[in-house]
Amino acid sequence: MGNACRRLVDCCSEPSSLDGQLQAGDHQFRRQQNGGSLCPAGSTASSHGVTVHTAGFAALARDLFQFEITSQVPDGLSQYVQGAKATQAVWYRKILSAWKSTNPPPTNAAEASCLVLRALQGHRKTDVQGLLSFYDLIPVDATTVVVPLTAVTVTAPTARYPHVAIVAGGSQGLKYEIQTLPVDSQSVADGDTVTVYVDVMKDAREKAAVPQAVIEAVRKRRTAQLRHDLAMADALQTQIKQAGYKIFTAKNSKDEVLARKYRVRLRGVDAPETKQPYGPQAKAVLLSLVEGRSLRVLVYGVDQYGRIVADIYCKNVFIQEVLFKKGCVWHYVQYDRRPEFAQWEKDARAARVGLWANANPEKPWDYRRQKKNQGSQH
């Protein structure tokens, strides 16, 4: 657990390049006199340990590290939750157990938020929300967690807030923006989910967030390649993939690109499942829109499965709009109330295009609930 905590706090600096990261040594930390909390040298902790250096997930990691040693929950948490100290200790034991069993451990605010939600399933919702708020990890709804802008801190204060543009429905709630590498043919899981990769060297936020373990694995892989130790190089590539990254070889050159993997859940839409009528067709339409193209992904949060929830554009085309107008998706009103979405679905229904050619199509959320209930009966 201590190593995981240190590795998380290590993410809060920004070397000037990937090569600089490969050459950088581990940051040195000291224990502060006040409570023995683990903080970067020179930082000052607030009442619950959240500083510019330890915001969000790093503060949670530090407090879990302290809880494992002292069995004490953080001071000030009671101002955010109704549970007594003994109840709070139960929460931290569950979160700590989940953290230890997760391999690799969380490396950012989004992953830490999802872990907390999983660990505290069944507990009072207001208490779970209060605990997340205590660490500035505030859920949007029961299945979505906000990714705070301070989840990753870089050296230059002006670089903490990447440029974002006004999008359909306004920019309210927009957390950050990423530009992806071209999407391959195997990246679309269904009609509303796609896997993308982001070149870490072209995104300051991503570059700052590369875990030290990944940096070390990249360095060792290069060394193994120079020694023609292909077995070791392949093993290190596997390790890098398990951490959520991948090394690509650039086309028409021998240059390598380190990219971070994201699973993207299209915001505000719900496509038929692959075994539902029109499910395969919806998947095929999404694939035709994104395959071989770089995407602009505007991120609003993370769902309970660790997928970023986002609006997607390709060459200034709003992907969700196209899916609506082709009759490939339902408006997911429970989580998104944009009026243009409601209108696009209404128009597609009236035209009886796509899934609306069926007079009474089954809602995908009802289909999933039915399958879940059937599974619980066996």
Side-chain angles (χ1 to χ4, degrees), residues 114 140-144 167-169 180 182-196 261-293 295 297-315 317-378:
C114 290
V140 176
D141 51 53
T143 61
T144 305
V167 298
T180 78
V183 175
D184 67 44
S185 61
Q186 303 300 314
S187 293
V188 174
D190 51 39
D192 54 36
T193 305
V194 58
T195 298
V196 300
K261 177 181 178 180
Y262 284 99
R263 292 175 62 224
V264 184
R265 177 65 165 81
L266 274 65
R267 177 174 173 244
V269 304
D270 201 0
E273 298 296 322
T274 52
K275 293 185 178 180
Q276 282 188 267
Y278 209 76
Q281 293 92 327
K283 175 181 176 180
V285 171
L286 178 57
L287 179 61
S288 72
L289 294 171
V290 302
E291 183 180 5
R293 298 178 174 91
L295 306 177
V297 181
L298 299 146
V299 182
Y300 288 79
V302 177
D303 72 9
Q304 60 183 332
Y305 304 107
R307 301 173 298 187
I308 57 175
V309 179
D311 288 340
I312 296 182
Y313 290 80
C314 180
K315 294 183 178 180
V317 174
F318 186 30
I319 298 299
Q320 281 106 305
E321 179 179 359
V322 177
L323 295 176
F324 272 118
K325 292 182 175 180
K326 287 182 176 290
C328 295
V329 294
W330 295 71
H331 182 196
Y332 215 168
V333 182
Q334 182 178 357
Y335 300 117
D336 195 300
R337 299 297 180 91
R338 280 178 278 185
E340 60 269 33
F341 281 21
Q343 185 61 52
W344 292 333
E345 181 186 294
K346 181 180 178 181
D347 293 343
R349 282 175 178 262
R352 300 184 68 84
V353 297
L355 70 91
W356 306 114
N358 185 331
N360 188 29
E362 182 179 17
K363 299 178 180 67
W365 50 88
D366 288 342
Y367 175 86
R368 291 191 295 269
R369 185 184 303 113
Q370 181 182 10
K371 290 297 180 182
K372 182 178 179 180
N373 292 338
Q374 289 175 351
S376 64
Q377 294 173 3
H378 293 290

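Hydrogens, waters and symmetry mates are skipped; everything else that's a heavy atom, side chains included, is used.
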Check: Arg267 main-chain N/O paired with Gln320 side-chain donor or acceptor under 3.5 Å: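 Pair found, side chain donor or acceptor close to backbone of Arg267.
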Spatial distance of atom CG (Leu289) from atom CD1 (Ile312) [nearest 0.5 Å]: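 If I round to the nearest 0.5 Å, the distance is 10.0 Å.
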Atom pair CG/CG of Asp311 and Leu298 - distance to nearest 0.5 Å: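 Reported to 0.5 Å precision, the distance equals 6.0 Å.
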So, for [X] and [Y], which heavy atoms are closest and what is the spacing to 0.1 Å?
X	Y	value
Ile308	Val297	CD1-CG1, 4.2 Å
Phe341	Asp336	CD2-OD1, 4.0 Å
Arg293	Ser288	NH1-O, 3.1 Å
Val329	Gly191	CG1-O, 4.2 Å
Leu287	Asp184	CD1-O, 4.3 Å
Leu286	Asp190	CD2-O, 3.4 Å

Could you give the side-chain donor-acceptor pairs of residues 271-285 under 3.5 Å, partners two or more places apart or in another chain?
residue: Glu273; atom: OE2; partner: Arg368; partner atom: NH1; Å: 2.7
residue: Gln276; atom: OE1; partner: Glu273; partner atom: N; Å: 2.9
residue: Gln276; atom: NE2; partner: Glu362; partner atom: O; Å: 3.1

Residue pairs, two or more places apart or on separate chains, that pass side-chain hydrogen bond (donor to acceptor under 3.5 Å, both in side chains) and touch residues 345-358: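 For residues 345-358, and leaving out neighbouring residues, the side-chain hydrogen bond (donor to acceptor under 3.5 Å, both in side chains) pairs sorted by first residue read Gln343-Asp347, Glu345-Arg349.
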Salt-bridge criterion met for Asp270 and Arg265 (N-O under 4.0 Å):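 Salt bridge: yes.
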Geometric class of the His331/Phe324 ring pair [parallel <30°, tilted 30-60°, perpendicular >60°]: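 Answer is perpendicular, since the angle exceeds 60°.
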